Amino acid sequence: MSLKLENVSVVYGEGTPFRKIALDNINIEFPKGKITGIIGHTGSGKSTLAQLLNGLNKPTSGNIYLDGTDIWEKPKEISKIRFKVGLAFQYPEYQLFEETVGKDIAFGPKNMGLDENEIALRVAEAAKLCGIPEDSLNRSPFELSGGQKRRVAIAGVMAMRPEYLVLDEPAAGLDPVGKTDILNGIINYKNETDGTVVLISHSMEDVAKYSDMILVLKEGKVFAHGSVEKIFSDIDSLANSSLDLPQITRLFHELKKRGLSERDDVYTVKFGEKLLREKGIFNA
Amino acid sequence: MGFIQADKLTYTYEGNLVPAVKEVSLSFKKGSYTAIIGHNGSGKSTLAKLLCGIFTPTGGKVLIDGMDTADEDNMASIREKCGMVFQNPDNQIVSSVVEEDVAFAPENLGVEPAQIRKAVDDALAAVGMTEYALHSTYKLSGGQKQRIAIAGILAMNPQCIVFDEATAMLDPAGRREISDTMRKLNQRGITVITVTHHMNEAAMADRIVVMNKGEVAMDGTPREIFARVDELRKLSLAVPQVTELLYDLGLPAALHAKEAADVIEEEIKKKCL
């Protein structure tokens, strides 16, 4: 069971002078129950890829398989795919529109044709996962702060209980606490539903901290793909991809160069601390 | 006396009981570079808008180059002296051509055409966007749009620019473009105040003001501020990763990877001798 892309390419502006290959022959599988982080520069194809996963955009060539079935096999039934693969756009808080937070979260489940009780249950569940207090459900979403609005928008996608949750830059522009709240909400969702998560981010630090797998896109192609450990085991290649390495990784890269550390595949502060303490030089 | 002088500055939003900014007194020297940090709702953006005269205080006062921002007669000269760059790059562009957008402010100020030409060219050069002068604005990247917004302010020849989370919506490359631009402008003598969530950006400033519940919680150099890891954590703020590592190991603070490597190397040498 997985979400799989086979030989997928997307070309924008075909037949015009603005022709651009956004994705170039992508072959990749998002395994069930795992969080895959996607990183890459602006223009590397991250958002285009996200929009393919729930059938919002159609590949120019190639196929996308959801649990073994081509999602475009029956184009008229594409909306069913969207209930299975939930997509939260960049800055989703701009898409809130209902009178109350509760109604906004209920919009997706309502469109799925669920009954009132089930909708209420889903809304409560999604609100809880995202840390939205119960008494906020009757408030207008427009009274909330940016970080709170973001949580409501993401809860709206979670309320459909999609098996696959795709989030395009869910933590962009938030303060450190807002960021942690949102990302922890996503981890909660994965743990509670055993769902599969695709997390798009500019931040290598966040991706390293929250994902099981990492996909690095560069100019529409897969630059690297594998477990977090595997990706960070080849620091030189990562550094060459001109992505922003986590600061802690850059430190250990430098220490290794100076012969002060054997390893440079370090991407969390905790692990770095452990390595240094093992030297027996630094006090507890 | 600073270039911007805030004295017991208070601001309460209409309909609110609790002030967003409460009796803040701060002084910003001419040519200084300050980062204001704090979690959401700490009052940092409100403070920024008060410091450049976009908001007028509900209590206390702000003097910009000696001019009271509450006095309407000063408004036009304050706007010329102090500009502001906002968060969303798409909300700050008024024209479809880059150089026309940059010329918007001097045109409105009734500057002579030849002078406008020079001001626009200089401003575009200062932000490294000269080759885009005749491009259309809507096709630019976020970082480029923000640089155009900055050029639009520069064309007025301001003495101070306040950035309100100007890098929040940008990717790492765009963020670097804007931080580099801030540094360059500061080296030209422009007073820079930047509100940011990114600690690596704050570390580039000469001074950091930490806001909490509308008040100044800390004020000092990045090195002084980031040495107080426990207090920052209590204020729900993160510190740069290497700063956190050194703090947990009980070593002196460092802000950048290279600098941290120096600290660790030093410590290893010391212990092995």
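Because the structure is predicted, anything quoted here is derived from the model rather than measured. So that the names make sense, note that chain A is the first sequence line, chain B the second, and so on, each numbered from 1.
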Check whether [X] gets within reach of chain A through its side chain, its backbone, both or neither, counting any heavy atom under 4.5 Å.
X	answer
B:N88	side chain
B:K269	neither
B:I37	neither
B:L255	backbone
B:K270	neither

Does [X], at its [atom1] atom, have more than 12 non-hydrogen atoms belonging to other residues, nucleotides or ligands within less than 6.0 Å?
X	atom1	value
B:Y138	OH	no
B:E266	CD	no
A:E278	CD	yes

Using side-chain contact (heavy atoms from CB on, under 4.5 Å) as the criterion, point out the one residue from B:L251, B:D248, B:I264 that pairs with A:L276.
-> B:I264
Counting distance only, does the side-chain N/O of [X] pair as donor-acceptor with the main-chain N or O of [Y] below 3.5 Å?
X	Y	answer
B:E265	A:R258	no
A:E273	B:L245	no
A:Q247	B:V242	yes
A:D175	B:H197	no

Please find the pair of heavy atoms, one from [X] and one from [Y], that lie closest to each other, and give the distance.
X	Y	result
B:S236	A:V177	CB-CG2, 2.9 Å
A:Y267	B:Q241	O-NE2, 4.3 Å
B:A261	A:L251	N-CD1, 3.3 Å

Residue among A:H253, A:R250, A:E254, A:M204 with most heavy-atom pairs under 4.5 Å to chain B | A:E254
Who among A:K257, A:K279, A:E205 has the most heavy-atom pairs with chain B under 4.5 Å?
-> A:E205
Chain B contact via A:I248 - which portion, at a heavy-atom distance below 4.5 Å | both
Give, as side chain, backbone, both or neither, the part of A:F18 having an atom under 4.5 angstrom from any heavy atom of chain B.
-> side chain
d(A:S203 OG, B:D171 CG) to nearest 0.5 Å is 12.0 Å
Rounded to the nearest 0.5 angstrom, the NE2-CG distance for A:H202 and B:L170 is 9.0 Å
Could you check which of B:P172, B:G142, B:A238 has the highest count of heavy-atom pairs closer than 4.5 Å to chain A?
-> B:P172
